[in-house]
Each structure stands twice: as C-alpha cells, then as structure tokens.
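Keep in mind it's a predicted model, so treat the numbers as computed, not measured. Just so you know, ligand 1 is whichever comes first in the structure, and atom 1 is the first atom listed for that ligand.
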Amino acid sequence: MSPLRPGATIGILGGGQLGRMMATAAAQLGFDVLIYSPEDDPPAGRVATGAFQADWDDAEALSEFARACDVVTLEFENVPVASVEVIEAAGKRVLPGAKSLSVSQDRLTEKTFLNAHGIATAPFREIEAASDIPAALESLGGKGVLKTRREGYDGKGQAWVHDPAEAESAWQKIGAVPAILEGAIAFACEISVLVARSQTGATISWAPPRNEHENGILARSTVPSGLARAIEDEARRKAMHLADALGHIGVLALEFFVLPDGTLLANEFAPRVHNSGHWTPEACQTGQFEQHIRCVAGWPLGDTHRLFDAEMLNLIGEAGYVDPAKLGKNDVLTLYGKREARPGRKMGHITRRLAPRKD
Ligand SMILES: Nc1ncnc2c1ncn2[C@@H]1O[C@H](COP(=O)(O)OP(=O)(O)O)[C@@H](O)[C@H]1O
Ligand SMILES: [Mg+2]
C-alpha cells in the first residue's frame, strides 16, 4: 500500500481507551479517525472525527464504515472475523490482518501456534467438560488455572483449581464453556514485549517492562525490568519472530512469565497496542500508539529508543478520580474520559518519569 497522506481517514474497530489513544496519535499525524463501536458514547468517539454506533453483525453499517475509511484497524481483538470480512469485501484493508486475529481469539489456537513457532508456553490441556479436569490437573502437577478459550481479559473467565474436587465449581465459575487448563507457573516476574511490524515487514521492539498484576489486572509496569540484557533480548527476538510468523502489521504485545532461572514462557499475546506499553509515549522516542498508526498508514517505523526510566500505574475504579493537585512534577496523567468508575474498570494511568536513562 502506498503511504497514506495527511487528511486520509483511519477507521478503528472498538471505542475504548486504546482506540482513544490511537485516535489522538493519528490526529497528531494529520489523519482523520472514525470509530466503530456497539457502545453508545464510547471514550474513543469523543476524540475522533466521527463515530458509528452499530453491532458487529450489522453488515450494512460495516460496509458504510468501510466506504468512509481509507484503511481500518482495531483496538479490540475480539472483533468477529466475519465483521472483518465484510469490511474487506467492501474493498478496505483491516490491519493487523486476519491471521493475528484468528490465532489470538482462542487460547488453544494461540498457545498451539506459539509452540509450533518455537515459543514455549506453560503446559496446557484442552478442556471440553468438567469431567476432563481431574486427569488434566494430575498431569499438570496438581495445580492449574482454568481459562475460557475465548473472550477472557483482565483475569475474567479464569478459575484456579487446586484439587480434583474443585473441577465442577471451577467449570461453572468460567461459565461452562470450552476452556484450557494451564499448569501453575511459579514465576519470578512477568514481562511483556511490545513489537511493531511495518507494511514492508520491518520489525522493532521496545525495552520490555516488568508487569505486576493485582486481582488479574495489570497494576504497574516498570522499565528497566531489572532482568539481564540476554533475557530481555531473547524475549524481544521471540516477539519479533511471532510478528513475522503472523504476517502482523502494527503493534503486538507478547506477555511472558520469567522463571527464577531466567527461562521465558510465553503467556499470551494481544494483536494490538497494550496496557503494558502505556509508558512508551512519555518515555521513548516513539510511543506505541504513534507507531501503530505509522504501520497502518504504511509509514516507516519510528525509533523506539528509551529516554527515561519509568513506571506506569493504572488507575482502576475509584482511583480514576485522581486529584490533579497530588501529581508529582514528573507524573504524566492520562484519563480515558469514562463517564463512571466501576470496580475493576480501567479509568486512566499515570506514567512517572523516574530518571533520564543512564546506560
Ligand atoms: N499459568 C499461570 N500460572 C501463574 N499465574 C498465571 C497463570 N496464568 C495466568 N496467571 C496470572 O494471571 C494474569 C492474567 O492471566 P492472562 O492469561 O494473561 O489472562 P488475561 O487475558 O486476563 O490477561 C497473568 O498475567 C498472571 O499474573
Ligand atoms: Mg494477560
């Protein structure tokens, strides 16, 4: 695709905070943005040129949206593949591409794909009924986490299982849907790699943040991670290999468990910009949102050089009603414009620039 010219229109499927920050980055580069979301009054719609409110299966609305855009991308990986096909049938590309979407939408397909491309994961078993759980649990060492194959996020759709007697209650807790059981990993820490792949197949990654979760939700990301350079480099190579294997275009995030001996086990990937990369706009030469828009627009990749040591703190639920007077002078606040705070809801984040990078 020849590079998009300023004034062209980029469509974004999904209207949450990721779309909002992508739309803001696109506007800075001179693009118009249209949001497509089933939600009424989505956070991204209020910073975009326009918004379509329609369901994912509304072929007429999807076609009209496609006609109004030069290229389409997404901020939400569970956009049905059928919706993407409607847009493509209307003659517009949807990036990152069908492969990235179809592989990442199902944890079984995702982990099988990672393993097939030489990227080790936690051991897992396919679960089709509660009665599959006891034998799977035993083969995984007696402790595991049951995860729905589809549509889990922020720890939702998951249940820990420590005893075969918990099989039925765990199965009910996740909604009695097709699942995987994954062995419990006693990790030393978690990191993720944000990688971008351009339309010419060039890849570039950012320094991997160390990620801390609370109640299954990301709470904090920190750079540098404190890990040995060799471990970080291996994680970055794996993420770039994954982006190539998928033929991905845009930003992708690959999460890892790091074992005490430095072994990396991939957990999952998101075929989009990611919460653990929210510090990049403030701490790096090019942030993840701008980079994603560059990829979608067919522009060259920006430099990802990290300029600051930094931490990113999520503002969840009531914490989103942050008092601006209490911010430190190196704190950069981003709020998502959500109308109300609910428990577990991501309302915004703070990126704290700790010090200029020294190494
Ligand atoms: N097999 C596991 N062993 C130990 N902790 C896990 C395991 N799977 C998930 N977790 C913890 O739960 C968090 C969320 O799980 P994840 O699979 O990434 O789902 P989500 O889609 O909700 O992000 C992980 O970042 C990790 O902290
Ligand atoms: Mg995760």
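Under a 3.5 Å cut-off, the side chain of Gln288 and the backbone N or O of His274 do form a donor-acceptor pair. Of the possible polar contacts, none joining the Ser192 side chain to the Ala253 backbone as a donor-acceptor pair under 3.5 Å is found. Panel note: side chain Arg149, backbone Leu108; no donor-acceptor pair is recorded below 3.5 Å.
A donor-acceptor pair shorter than 3.5 Å cannot be found between the side chains of Glu255 and Ser276.
At least one heavy atom of Trp160 sits under 4.0 Å from some atom of ligand 1. The closest approach between Ala186 and ligand 1 stays at or above 4.0 Å for every heavy atom of the residue.
The part of Arg107 lying near ligand 1 is the side chain, judged by heavy-atom distances below 4.0 Å. Contacts between Ile185 and ligand 1, counted as non-hydrogen atom pairs separated by less than 4.0 Å, involve both the backbone and the side chain.
Annotation: atom 23 (O) of ligand 1 to nearest protein heavy atom, Glu268 OE2, 2.8 Å. Protein heavy atom in closest approach to atom 27 (O) of ligand 1: Glu190 OE2, 2.7 Å. Of the protein's non-hydrogen atoms, the one nearest atom 9 (C) of ligand 1 is Lys147 NZ, 3.4 Å. Scanning the protein heavy atoms around atom 6 (C) of ligand 1, the nearest turns out to be Phe257 CZ, 3.8 Å. In terms of protein heavy-atom proximity, atom 15 (O) of ligand 1 is closest to Gln158 NE2, 3.3 Å. Remark: minimum distance from atom 5 (N) of ligand 1 to any protein heavy atom is reached at Phe187 CE2, 3.5 Å.
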Residues Phe187, Val258; criterion side chain to side chain contact (heavy atoms under 4.5 Å, CB included); working and verdict: CA-CA 5 Å; Phe187 53 77; Val258 187; 5.8 Å; no

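With a 4.5 Å cut-off on side-chain heavy atoms, Leu137 and Glu166 do not count as touching.
Set against the non-hydrogen atoms of Gly155, the atoms of ligand 1 under 4.0 Å away are 20 (P), 22 (O). The contact set between ligand 1 and Glu255, taken as ligand atoms under 4.0 Å from a residue heavy atom, comprises 18 (O). Those atoms of ligand 1 that come under 4.0 Å of a heavy atom in Asp154, given as number and element, are 20 (P), 22 (O). Atoms of ligand 1 found under 4.0 Å from any heavy atom of Val145, numbered from 1 in the order shown, are 1 (N), 2 (C), 7 (C), 8 (N). Residue contact check: Ala184 has heavy atoms under 4.0 Å from atoms 3 (N) of ligand 1. Residue-ligand proximity, His213 to ligand 1, at heavy-atom distances under 4.0 Å covers atoms 25 (O), 27 (O).
Residues Lys92 and Cys69 come closest through the heavy atom pair NZ-O, 2.8 Å.
Atom 2 (C) of ligand 1 has its nearest heavy-atom neighbour, among Lys143, Glu182, Glu110, in Glu182.
Every pair passing ring pair (Phe, Tyr, Trp, His ring centres under 6.0 Å) that includes a residue from residues 301-338 is listed here, sequence neighbours excluded: Tyr336-His349.
Checked against the Mg ion (ligand 2), the N, O or S atom of Glu268 at the shortest distance is OE2.
Using a 30° and 60° split on the angle between ring planes, Phe52 and Phe65 fall in the perpendicular class, above 60°.
At a 3.5 angstrom cut-off on N or O pairs, Lys156 does not count as close to ligand 1.
Among residues two or more places apart in sequence or in another chain, the side-chain contact (heavy atoms from CB on, under 4.5 Å) test is passed with Ala184 by Lys143, Trp160.
Once rounded to the nearest 0.5 Å, the distance linking CG of Leu140 with CD1 of Ile185 reads 9.0 Å.
Each of Leu34 and Phe31 belongs to its own hydrophobic cluster when Ile, Leu, Val, Met, Phe, Trp and Tyr are linked at side-chain heavy-atom distances under 4.5 angstrom.
Distances from atom 11 (C) of ligand 1 to the protein include no heavy-atom value under 4.0 Å.
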